[in-house]
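Letters A, B, ... mirror the listed sequences (proteins, then strands); counts begin at 1.
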2 protein chains.
Amino acid sequence: MMRTRPLKVALLGCGVVGSEVARIMTTHADDLTARIGAPVELAGVAVRRPSKVREGIDPALITTDATALVKRGDIDVVIEVIGGIEPARSLITTAFEHGASVVSANKALLAQDGAALHAAAEAHGRDLYYEAAVAGAIPLIRPLRESLAGDKVNRVLGIVNGTTNFILDKMDSTGAGYQEALDEATALGYAEADPTADVEGFDAAAKAAILAGIAFHTRVRLDDVYREGMTEVTAADFASAKEMGCTIKLLAICERAADGASVTARVHPAMIPLSHPLASVRGAYNAVFVESEAAGQLMFYGPGAGGAPTASAVLGDLVAVCRNLRGGATGPGESAYAALPVSPMGEVVTRYHISLDVADKPGVLAQVATVFAEHGVSIDTVRQQGKDGEASLVVVTHRASDAALTGTVAALRSLDTVRGVASIMRVEGE
Amino acid sequence: MMRTRPLKVALLGCGVVGSEVARIMTTHADDLTARIGAPVELAGVAVRRPSKVREGIDPALITTDATALVKRGDIDVVIEVIGGIEPARSLITTAFEHGASVVSANKALLAQDGAALHAAAEAHGRDLYYEAAVAGAIPLIRPLRESLAGDKVNRVLGIVNGTTNFILDKMDSTGAGYQEALDEATALGYAEADPTADVEGFDAAAKAAILAGIAFHTRVRLDDVYREGMTEVTAADFASAKEMGCTIKLLAICERAADGASVTARVHPAMIPLSHPLASVRGAYNAVFVESEAAGQLMFYGPGAGGAPTASAVLGDLVAVCRNLRGGATGPGESAYAALPVSPMGEVVTRYHISLDVADKPGVLAQVATVFAEHGVSIDTVRQQGKDGEASLVVVTHRASDAALTGTVAALRSLDTVRGVASIMRVEGE
Ligand SMILES: NC(=O)c1ccc[n+]([C@@H]2O[C@H](COP(=O)([O-])OP(=O)(O)OC[C@H]3O[C@@H](n4cnc5c(N)ncnc54)[C@H](OP(=O)(O)O)[C@@H]3O)[C@@H](O)[C@H]2O)c1
Ligand SMILES: NC(=O)c1ccc[n+]([C@@H]2O[C@H](COP(=O)([O-])OP(=O)(O)OC[C@H]3O[C@@H](n4cnc5c(N)ncnc54)[C@H](OP(=O)(O)O)[C@@H]3O)[C@@H](O)[C@H]2O)c1
């Protein structure tokens with residue numbers, strides 16, 4: 001069944017992303033018509049502040065009653081770019097109930113309620129697309145769930161937050177401390193006034209949950225994602241990283257266990273070798289590195305945020321769901337058939353870089369080495385530097401479980417000769 | 001309409017790629033079933049040499065009569081991994097006539113006859129997918145024609161041939177000459193015994209035609225692609241590139257003209273700045289850099305060839321066309337509505353790095369500079385180095401048309417004081 005009438009689009013939210021969606025829908029209307037096979041028409045725009053001037057948008061389309069808009073009955077596609085959990089969630093559910101397909105950029109909502117929303121879409125035979133929710137403009141959801149549909153993804157390593165990558169890149173290239181780099185990111189508009197969601201890794205954790213779910217055909221909830229922010233990364237950590245031929249990135253890491261029987265998802269700062277393709281991702285750019293069984297190593301790189309880039313992803317989804325509606329079909333829905341268990345952080349296996357402040361006297365190294373051995377953590381290299389009766393000891397381990405490392409560190413802290421644990425950093429991407 | 005019976009797949013060709021397709025279809029049958037919603041069954045395998053032992057493939061499936069296989073009438077999907085123009089073209093056309101969808105990895109055929117094959121697919125309401133034809137495992141066709149469907153692509157810069165990238169990377173990192181690097185590539189299996197298709201840029205040109213067609217929604221024929229190989233790149237060129245903070249890559253470049261009214265497609269070696277993401281693409285890896293209006297700069301990176309990686313792309317397409325068949329739908333077909341004219345090489349505008357051998361006497365620089373000025377080619381920098389009465393002059397220009405540069409070079413050659421034009425290299429990606 002082919003519809004010849006225009007497809008009607010309701011835009012919920014007209015902020016940074018929504019205003020760009022509306023602008024491109026207007027300026028590129030002819031291209032969209034040609035690519036979809038039918039015109040798309042902006043049928044209504046829901047906002048909070050109706051009196052705000054919105055350039056290029058017919059004021060008659062503006063409404064504050066988003067619910068009435070999605071219930072109108074003649075809407076084919078709802079684009080949700082409000083953000084947050086409510087009212088976005090109820091609006092999307094109502095949209096499906098009234099026969100619309102939905103395009104959303106809402107990572108927080110998808111990470112928390114993706115399964116329920118997918119179920120609602122399926123129950124009504126409609127599409128839920130959200131390419132913009134992870135890594136902004138970078139095509140990632142579609143490649144993972146369609147291009148790699150015949151392959152087996154084993155690991156996803158992503159720089160999925162531009163704010164923190166900007167800060168870490170600054171620290172790396174200038175030697176600045178965290179606060180100084182954050183201040184610059186704020187001044188330049190890369191960090192929000194309250195940067196918590198970014199620097200504490202909440203934003204990246206939501207994206208990790210979404211990526212892991214798609215990569216492993218398994219439901220991964222936000223609570224399943226281990227999360228550690230990057231506010232405690234110091235200039236000294238960057239100096240240590242350099243000595244190892246590494247840099248430091250805040251990574252979202254989704255992994256299949258070696259036996260294939262479980263998966264993990266986590267967000268934390270980590271050292272990665274300078275030779276790794278992710279190491280040269282500069283400024284606020286995002287990149288996601290995917291390791292799969294047949295395809296091998298792939299990387300997807302681009303702007304992870306911003307009005308126009310995010311709108312590009314939203315509009316790609318809009319074209320896809322419109323084509324599906326015209327063809328009477330739906331795209332691939334949720335794929336969670338593998339239903340693998342998500343293991344806790346303790347079972348993650350990786351390498352560690354540990355800096356200890358120790359007393360500068362004979363036997364300390366032997367003591368420290370014994371603690372590692374007792375916990376089954378094998379040491380790769382040790383470097384000791386003395387300074388005025390104190391010394392610093394840098395230990396790099398072979399692969400060990402997070403639980404074993406945690407046990408080791410607790411035991412080290414209880415040694416008289418260990419004055420402090422200056423830093424613990426995971427080493428990834430080798 | 002949902003089919004519950006297994007989907008039957010005919011595999012045409014069982015060489016480097018085909019044998020991996022068959023292997024993964026067998027070992028990952030359960031995953032494919034779950035992702036498609038129905039089992040896929042290998043119904044026949046066409047080869048040239050029936051007696052060759054093919055591990056893991058039921059000998060009863062092997063046939064040398066590919067035509068009879070695609071005409072059987074019960075085949076849902078034909079996977080064409082024979083390569084070349086005939087019999088691949090006739091087999092694909094016959095497949096559509098008998099109701100099958102087609103997945104192909106055949107860049108040569110798609111570049112030459114893509115339009116006709118797309119028309120045949122559309123006439124029979126079937127899919128033609130070919131993710132593997134460009135840059136092997138890297139998801140590229142799908143992101144360009146689906147993810148960026150709401151955006152406007154202005155430029156595609158790609159390293160789309162692994163053999164030549166391996167050779168150029170070797171020359172760059174070791175200072176080796178072309179022949180030495182080629183010999184190593186041959187010894188390691190990265191180059192074929194007859195490397196012409198790779199080193200003369202024919203392979204990359206086919207991919208450029210396909211990429212330009214999809215990026216600009218315009219038919220671009222293989223003949224429309226300007227092509228220059230990389231056999232004349234020297235160690236001296238790499239030394240010059242280094243002095244400019246550049247390296248040399250064989251690039252496939254598809255561009256929309258500044259006025260948007262035409263496009264160009266070309267393949268040639270070019271200098272690119274070390275800071276450009278393509279500069280750090282090592283070994284036989286491929287990467288494609290895409291500049292679009294809203295999304296900005298994106299890059300897709302991964303293995304461009306090899307049995308398993310290419311099979312990954314083929315199987316991703318297989319899952320997609322099977323899902324479409326089950327849903328009674330088809331994916332996006334050819335999109336050539338923009339029908340922009342393809343301009344000849346003379347109209348390409350870029351920068352140039354020119355090395356001249358000149359007489360070392362006063363007035364030469366003025367003479368040379370006058371020739372550039374007379375042809376409307378503005379000079380950015382000049383560097384002169386004297387050696388025993390001879391001198392070398394390195395000129396880097398501002399942006400100028402290829403026609404203007406060609407005119408300049410012809411005029412330079414006719415100057416008494418110019419002994420020779422040692423090299424002309426385009427400078428891209430700035
Ligand atoms: N910004 C980015 O770079 C980016 C990147 C990737 C994904 N995203 C996601 O995209 C979504 C939108 O982000 P944004 O940056 O565009 O946010 P934003 O600039 O804050 O815009 C939010 C819009 O929603 C409207 N709104 C808020 N509450 C509403 C309500 N109850 N009913 C109707 N409209 C309401 C606001 O109206 P007023 O205009 O009247 O205030 C505003 O137009 C979020 O899910 C975000 O995570 C954003
Ligand atoms: N290899 C790669 O890395 C790569 C990467 C991207 C794309 N591709 C594309 O994939 C396609 C296949 O490449 P390949 O490397 O797999 O080639 P290949 O190793 O030479 O295999 C070709 C296969 O086709 C069979 N064949 C040849 N002529 C035939 C005919 N007339 N009827 C039936 N079968 C016939 C051969 O049979 P026998 O086995 O009996 O000789 C062989 O199994 C090409 O289009 C290529 O451009 C390859």
| note | Greatest number of non-hydrogen atom pairs under 4.5 angstrom with chain A, of B:Gly307, B:Ala320, B:Pro303, falls to B:Pro303

| query | Among A:Gly306, A:Ala313, A:Ala295, A:Ala338, which has the most heavy-atom pairs under 4.5 Å with chain B? | reply | A:Ala295

| Any idea which of A:Glu131, A:His217, A:Met25 has the most non-hydrogen atom pairs under 4.5 angstrom with chain B? | A:His217

| note | Most heavy-atom pairs under 4.5 Å with chain B, out of A:Ala287, A:Gly136, A:Ser147, A:Gly302, belong to A:Ser147

| message | In the structure I gave you, are the side-chain heavy atoms of A:Pro143 and B:Arg142 within less than 4.5 Å of one another anywhere? | response | no

| Between B:Phe289, B:Tyr301, B:Tyr129, B:Phe300, which has the largest tally of heavy atom pairs under 4.5 Å with chain A? | B:Tyr301

| Which heavy atom in B:Ser312 sits nearest to a heavy atom in A:Leu148, and how many Å separate them? | OG-CD2, 3.7 Å

| Hey, what do you get for OH (B:Tyr285) to CE (A:Met299), rounding to the nearest 0.5 Å? | 11.0 Å

| Among B:Gly331, B:Pro277, B:Pro139, B:Ala137, residue most engaged with chain A (heavy-atom pairs, under 4.5 Å) | B:Pro139

| field | Greatest number of heavy atom pairs closer than 4.5 Å to chain A - which of B:Ala294, B:Ser292, B:Ala311 | value | B:Ala294

| query | Quick one: CZ on B:Arg145 to CZ on A:Arg35, what's the gap to the nearest 0.5 Å? | reply | 13.5 Å

| said: If you count every heavy atom of other residues, nucleotides or ligands that lies below 6.0 Å from B:Gln297 atom CD, does the total exceed 12? | reply: yes

| field | chain B contacts, top residue of A:His28, A:Lys152, A:Arg282, A:Glu20 (heavy-atom pairs, under 4.5 Å) | value | A:His28

| Relative to chain A, which of B:Ile24, B:Ile141, B:Asp31 shows the most heavy atom pairs under 4.5 Å? | B:Asp31

| message | Which one wins on heavy-atom pair count under 4.5 Å against chain B: A:Thr330, A:Asp317, A:Val319? | response | A:Val319

| query | Taking every heavy-atom pair that is under 4.5 Å apart, which of A:Ser280, A:Gly296, A:Pro332 has the most such pairs with chain B? | reply | A:Pro332

| Is the number of heavy atoms from other residues, nucleotides or ligands under 6.0 Å of A:Tyr190 OH greater than 12? | no

| said: Counting only heavy atoms not in A:Glu334 (residues, nucleotides, ligands), do more than 12 fall under 6.0 Å from its CD? | reply: yes

| remark: Heavy-atom nearest pair, A:Leu298 first then B:Ile138, reads CD2-CA, 4.1 Å

| remark: Pair count under 4.5 Å, heavy atoms only, with chain A: among B:Ala329, B:Ala149, B:Ser335, highest is B:Ala149

| Checking heavy atoms, do the side chain of B:Tyr337, its backbone, both or neither come under 4.5 Å from chain A? | side chain

